[in-house]
Amino acid sequence: MRQDFPGSTILPGLINCHVHLVFDPGQDPVAGVHDVSEADLLERMARHARQLLDAGVTTVRDLGDRDGLAIRLRDRVNAGELPGPRIVAAGPPITVPQGHCWFLGGEADGERELRDRVRRTAALGADLIKVMVSGGSITPNSPAMWASQFTPAELRTIVEEASAAGLPVAAHAHGTEAIAAAVDAGVTTIEHCTWLRDGGGGYDTRDDVAERMAGRGIHACVAWPPDWPGFLDRFGRERAALIIDRFRWMNRVGIPLIPGTDAGLGHSPFTEFAGALGLYEHVGFPRERIIEMATVVSAGALGLDGKTGRLATCHSADLLVVPGDPLTDLGVLGRQESLVVRGQTWKPAAASS
């Protein structure tokens, strides 16, 4: 059936490179996952998958679930049993005992356990391996955000085992030392990539590490929420300026950047992605480049180049139609007129009510 959208723009479906389908925004992430049944979690995750479609997202990378539930959801979406975007799933992230996000089931200690953990995650059907190289802010009593959780040798073991299974590695790393060790170990992407100084209290943007990262084509996904203006406000004017300078420095050094929202955590909803792209416009990126980052660049970073991210022959029919011209107003990316996911038209919830 032919459809006409005069004055509109058709472009590839958007790609959100960092979400957690298992979390509910605004809830305590530990209690909200640890004490919930598998059936309830799967129902929640399926709801979040539908919300991503409403936001124009046709491909998503899930970087941490409980017990491989995102892998199971992926398979049901692929089988046509449930609506949802293409899901690239990491399964339970690897962490140290009682480390960051230990409650998702990926704890491992020492080389033997690390190798076994990678093999078990691969056996679940994961598309990639996620490792918590540094601590984080949501897990009580775990290492600090800047602190490294694994030695360089342990990280090399994880990457070696993942490579043997044909899987890329995404590294959660806030601290500069953690980023450096992850880069040297040969990971595929750095998540957050905050460049926190050892011991906290500021940033340590090391050109040598950034240049190695850029030279090896390791992508950074800073994973900021759609409400990035509020996020910056909470840091205060002086620190916010340092953060924006850090983004510009990464770009200047040549680190390839891909967008993600960390949806599911804090106040980052699954219903909004276009707003998160406004961060890059604020930093100074041209709108054309931002759109490329959210489509073709992300597809390449996720190993999907040739499958999605472009309007091209032999690519998946992942299409987004928006009113007006996003090169004039990036915000129109959040006002879809039509969405096609792998050849199937998706009717947004607002349109079906």
Side-chain angles (χ1 to χ4, degrees), residues 9-19 52 55-63 85-86 88 128 168 170-171 187-195 210 213-229 231-232 243-263 268 270 272-312 315-316 318-320 322 325-336 339:
T9 300
I10 183 170
L11 64 155
L14 303 176
I15 301 174
N16 189 333
C17 293
H18 191 132
V19 307
L52 285 163
V57 173
T58 57
T59 298
V60 67
R61 185 173 58 152
D62 184 285
L63 286 181
R86 175 184 289 99
V88 178
L128 74 157
V187 304
T188 308
T189 65
I190 305 286
E191 309 303 312
H192 308 294
C193 204
T194 312
W195 303 93
M213 190 173 169
R216 297 173 186 180
I218 299 173
H219 290 73
C221 181
V222 297
W224 269 42
D227 182 28
W228 57 268
F231 210 45
L232 286 174
I243 291 170
I244 296 301
D245 284 346
R246 177 164 45 87
F247 290 155
R248 291 171 177 157
W249 165 76
M250 284 193 285
N251 177 57
R252 189 167 59 251
V253 175
I255 294 174
L257 300 171
I258 50 176
T261 62
D262 220 359
S268 185
F270 296 90
E272 172 64 42
F273 182 57
L277 299 178
L279 168 66
Y280 299 97
E281 187 170 21
H282 179 73
V283 169
F285 289 12
R287 297 186 188 101
E288 181 178 5
R289 181 183 171 192
I290 297 168
I291 294 170
E292 289 179 346
M293 287 167 57
T295 54
V296 61
V297 176
S298 290
L302 272 54
L304 297 174
D305 193 22
K307 293 184 179 180
T308 191
R310 298 177 187 267
L311 301 182
H315 281 61
S316 178
D318 298 332
L319 312 174
L320 173 63
V322 299
D325 184 359
L327 295 180
T328 302
D329 176 8
L330 202 63
V332 303
L333 293 177
R335 301 195 291 272
Q336 64 171 278
L339 185 74

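Each of Thr58, Thr261, Ile258 was checked for a side-chain contact (heavy atoms from CB on, under 4.5 Å) with Asn16, and the lone residue meeting it is Thr261.
Atom CD of residue Gln336 and atom CG of residue Leu14 lie 9.0 Å apart, to the nearest 0.5 angstrom. Atom CZ of Arg310 is separated from atom CG of Asp305 by 5.5 Å, given to the nearest 0.5 angstrom.
Looking at every heavy atom in both residues, Ala55 comes nearest to Phe270 through CB-O, 3.8 Å. Scanning all heavy atoms of the two residues, the minimum distance from Gly309 to Ala299 falls at CA-CB, 4.1 Å. Summarising the geometry of Leu277 relative to Leu330, their closest heavy-atom pair is O-CD2, 3.8 Å, with the distance given to 0.1 Å.
A donor-acceptor pair is defined here as one N or O able to donate and one able to accept, closer than 3.5 Å; such a pair exists between the side chain of Arg61 and the backbone of Cys17. A donor-acceptor pair under 3.5 Å is absent between the side-chain atoms of His192 and the main chain of Ile190, judged by distance alone. Arg248 places a side-chain N or O within 3.5 Å of a backbone atom of Val283 that can act as its donor or acceptor partner. For the pair Trp228 (side chain) and Tyr280 (backbone), a donor-acceptor distance under 3.5 Å is absent.
Between Thr189 and His18 there is no side-chain heavy-atom pair separated by less than 4.5 Å. Contact annotation: the side chain of Pro226 approaches that of Ser268 to within less than 4.5 Å [non-hydrogen atoms, C-beta and beyond]. Between Arg86 and Leu302, the closest side-chain pair of non-hydrogen atoms is not below 4.5 Å. Inter-residue side-chain proximity for Val297 and His219 is flagged as met; some heavy-atom pair is nearer than 4.5 Å. Proximity of Thr188 to Leu128: side-chain heavy atoms (C-beta onward) are nowhere separated by under 4.5 Å.
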